[in-house]
Amino acid sequence: MEPKLIMETAAALFAIAAVGGLVMAGIRFSGPNPPTWLAMLHGFIAAAAVTLLAYATFTVGLPTLANGALVLFLIAAAGGVVMNLNYHWKLLPLPKWLVVVHAAIAVLGFLLLLGSIFSRPIA
């Protein structure tokens with residue numbers, strides 16, 4: 001198992017999830033909550049990427065930046081679960097501040113992951 005390929009695959013999955021997240025944020029900031037199917041798809045794709053990173057961390061090991069990204073993605077995932085269970089499923093409007101914090105943490109994680117992918121290996 002090649003760590004760089006795993007990180008690249010996870011980054012691609014996170015990029016797809018981010019597109020869904022941007023669409024959902026646009027819907028929420030224009031009025032209603034986004035559709036449940038879109039929120040679930042976003043979460044499942046992001047969870048697949050987190051699972052891939054976690055598996056690689058505990059089996060082959062990943063660079064420190066990638067491990068930091070994993071921690072940030074886990075925090076963002078916790079925020080996503082809170083939004084889903086405490087607001088979305090109860091048909092309450094998602095707090096806009098929580099949407100922004102969730103997105104900001106995920107973006108920071110994505111940047112760390114990209115930094116890990118594109119950094120030069122230490123010789």
Side-chain angles (χ1 to χ4, degrees):
M1 192 169 8
E2 176 63 36
K4 185 170 182 183
L5 179 60
I6 292 169
M7 292 186 301
E8 290 170 347
T9 303
L13 288 170
F14 281 127
I16 294 167
V19 170
L22 287 171
V23 169
M24 288 191 301
I27 292 170
R28 175 59 192 109
F29 283 99
S30 69
N33 280 346
T36 301
W37 68 266
L38 184 55
M40 297 304 286
L41 182 62
H42 167 77
F44 285 138
I45 292 171
V50 166
T51 303
L52 189 58
L53 281 182
Y55 178 75
T57 294
F58 293 115
T59 56
V60 296
L62 292 178
T64 303
L65 282 178
N67 290 330
L70 176 59
V71 169
L72 289 174
F73 285 128
L74 289 170
I75 294 168
V81 168
V82 166
M83 283 190 287
N84 190 17
L85 297 179
N86 288 344
Y87 296 96
H88 209 149
W89 281 103
K90 295 179 182 177
L91 302 177
L92 299 171
L94 298 173
K96 292 178 182 179
W97 69 267
L98 188 53
V99 172
V100 170
V101 169
H102 169 76
I105 293 170
V107 166
L108 288 174
F110 190 69
L111 292 175
L112 281 182
L113 183 59
L114 290 179
S116 182
I117 291 168
F118 293 112
S119 67
R120 284 190 3 203
I122 298 172

For [X] against [Y], the heavy-atom pair lying closest together:
{"X": "A11", "Y": "L114", "value": "CB-CD2, 4.4 Å"}
{"X": "P3", "Y": "L62", "value": "CB-CD2, 3.8 Å"}
{"X": "L113", "Y": "A66", "value": "CD1-CB, 4.3 Å"}
{"X": "M7", "Y": "P63", "value": "SD-CD, 3.8 Å"}
{"X": "A49", "Y": "L13", "value": "CB-CB, 3.7 Å"}

In the single-linkage hydrophobic clustering (I, L, V, M, F, W, Y; side-chain heavy atoms under 4.5 Å), do [X] and [Y] co-cluster?
{"X": "L22", "Y": "I16", "result": "no"}
{"X": "V82", "Y": "V71", "result": "yes"}
{"X": "F14", "Y": "F118", "result": "yes"}
{"X": "Y87", "Y": "I75", "result": "yes"}
{"X": "Y55", "Y": "V60", "result": "yes"}

Please set out all donor-acceptor pairs under 3.5 angstrom arising from side-chain atoms of residues 88-111, sequence neighbours excluded.
residue	atom	partner	partner atom	Å
H88	NE2	P34	O	2.9
W89	NE1	N84	OD1	2.7
H102	ND1	A76	O	2.8

Can you confirm whether F29 is buried at CZ, in the sense that more than 12 heavy atoms of other residues, nucleotides or ligands lie under 6.0 Å from that atom?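 Yes, because the 6.0 Å sphere around CZ of F29 holds more than 12 heavy atoms from other groups.
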
For S116, side-chain hydrogen bond (donor to acceptor under 3.5 Å, both in side chains) partners two or more places apart: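 Testing S116 for side-chain hydrogen bond (donor to acceptor under 3.5 Å, both in side chains), a comparison that skips the adjacent residues, returns none.
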
Taking the side chain as every heavy atom from C-beta outward, state whether L70 and V50 have any pair of such atoms under 4.5 Å apart.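 Result yes, sub-4.5 Å side-chain heavy-atom pair found.
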
Taking atom CG of L52 and atom OG1 of T57, what is their separation to the nearest 0.5 Å?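 Answer for the CG-OG1 pair, L52 versus T57, is 9.5 Å.
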
